[in-house]
2 protein chains.
Amino acid sequence: MTYQAVLAVLADPTRRQVFERLRDGPQPVKLIAAGLPVSRPAVSQHLKVLKDVGLVEERSEGTRRFYSVRREGLAELRDWLDSFWDDALLAFKIEAERSHRRAKGRKRDE
Amino acid sequence: MTYQAVLAVLADPTRRQVFERLRDGPQPVKLIAAGLPVSRPAVSQHLKVLKDVGLVEERSEGTRRFYSVRREGLAELRDWLDSFWDDALLAFKIEAERSHRRAKGRKRDE
DNA sequence: GCTTACCGTAAGTTATGACTTACCAAGCTG
DNA sequence: CAGCTTGGTAAGTCATAACTTACGGTAAGC
């Protein structure tokens, strides 16, 4: 998904909380909603948005649905941010342009 | 500034346009506003928000004010994104955890 | 000094989207 | 099968924030 969409989706505080909660591993909706200051339907709506933009994925298990982080959903935004570092055009204020390229050691997901 | 604030600020499409325009180097408000679909005061308001969050800086030159990108304003958000890659807790779905730390070669701004 | 360019701020309007409650569907459990 | 759990969706409410126009203030130009 475009970095623009990802930015818009992650901008909301409670939606970001939902997302960050999934760092602890896949979780059913009920569990995610517990501890958050909003109702369960609200969490469902946030999860839908997160899923539509590719930031989470869903796996059904009986009546429960486990959501988990899709790291690749963040890739485009990360690349956009990185582009500000090897952006030659920003050399206006930087005395000497360091000619490093993108960082190594980080495997590209997409 | 916190990555949360930066996310919220960059979420708005026209504000992001304002920000990206500054990639071409420092520009006065009038010039930034030209070509954007909103009024000049609107651009001023966006610039204020961008400045408050540390994403741009301002330099006065006569009656004009040149705005430019502050790369460091993006640092915290970039680090947050990176943290999803060396996040050990995300090892749920990843078969083998690659134990790389933060990428080298990218000088930290803050 | 008067006018003109540049820009920030105030005030008011409006659309968007983040909530809520209510409802419905689907699966385990007895 | 009846009842309970889980969770998605609909509809409606409400606050926020992104705009607009109007105004004021400062620096340059004549």
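Naming convention: chains lettered A, B, ... in sequence-line order (proteins, then strands); numbering from 1 in each chain.
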Any protein N or O atoms within reach of nucleotides 6-9 of chain C? Criterion: under 3.5 Å, listing atom names and distances.
from, atom 1, to, atom 2, distance (Å)
dC6(C), OP2, Lys30(B), NZ, 2.5
dC7(C), OP1, Val29(B), N, 3.2
dC7(C), OP1, Arg65(B), N, 3.2
dC7(C), OP2, Lys30(B), N, 2.6
dG8(C), OP1, Tyr67(B), OH, 2.6
dG8(C), OP2, Ser44(B), OG, 2.2
dG8(C), N7, Arg40(B), NH1, 3.1
dG8(C), O6, Arg40(B), NH2, 3.0

| Who passes salt bridge (Lys or Arg N to Asp or Glu O under 4.0 Å) against Lys51(B), sequence neighbours left out? | Glu58(B)

| request: Check every nucleotide of DNA chain D for an atom under 4.0 Å from a heavy-atom of chain B, then give the first and the last such nucleotide from 5' to 3'. | output: dA18(D) to dA28(D)

| remark: Between Ala42(A) and Gly62(A), whichever has its closest DNA chain C nucleotide further toward 5' is Ala42(A)

| field | Pair assignment for dC28(C), Watson-Crick or G-U wobble, requiring both distances under 3.5 Å | value |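 WC or wobble partner does not exist here.
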
| field | Any-strand Watson-Crick or G-U partner of dG3(D), both distances under 3.5 Å | value | none

| field | Taking every non-hydrogen atom, the tightest pair across Arg78(A) and Asp82(B) | value | CD-OD1, 3.6 Å

| side chain to side chain contact (heavy atoms under 4.5 Å, CB included) with Ala8(B): which residues, sequence neighbours excluded? |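 Expected list: none.
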
| field | Under the side chain to side chain contact (heavy atoms under 4.5 Å, CB included) test, residues paired with Ala11(A) that sit two or more places apart | value | Ala11(B)

| message | Using a 4.0 Å cut-off on heavy atoms, which residues in residues 5-15 of chain B reach DNA chain D? List them by number, or say none. | response | Asp12(B), Thr14(B), Arg15(B)

| task | Enumerate the residue pairs fulfilling salt bridge (charged side-chain N to carboxylate O under 4.0 Å, His left out) with a member in residues 39-50 of chain A, sequence neighbours excluded, ordered by first and then second residue. | result | Lys48(A)-Asp52(A)

| said: Please list all pairs meeting salt bridge (charged side-chain N to carboxylate O under 4.0 Å, His left out) that have one or both residues in residues 8-20 of chain B, counting only residues at least two apart or in different chains. | reply: none

Counting only pairs under 3.5 Å, give me each side-chain donor-acceptor contact of residues 25-39 of chain A, with atom names and distances, residues two or more places apart or in other chains.
from, atom 1, to, atom 2, distance (Å)
Gln27(A), NE2, Arg21(A), O, 3.0
Ser39(A), OG, Ala42(A), N, 3.4

| said: Under the rule for ring pair (Phe, Tyr, Trp, His ring centres under 6.0 Å), what residues qualify as partners of Tyr67(A), not counting sequence neighbours? | reply: none

| said: Going by ring pair (Phe, Tyr, Trp, His ring centres under 6.0 Å), name the residues that satisfy it together with Phe66(A), two or more places apart in sequence or in a different chain. | reply: none

| request: Sorted by first residue and then second, give each ring pair (Phe, Tyr, Trp, His ring centres under 6.0 Å) pair with at least one member in residues 15-43 of chain A; sequence neighbours left out. | output: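 As it turns out, the ring pair (Phe, Tyr, Trp, His ring centres under 6.0 Å) pairs with a partner in residues 15-43 of chain A, which skip direct neighbours, are Phe19(A)-Phe84(B).
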
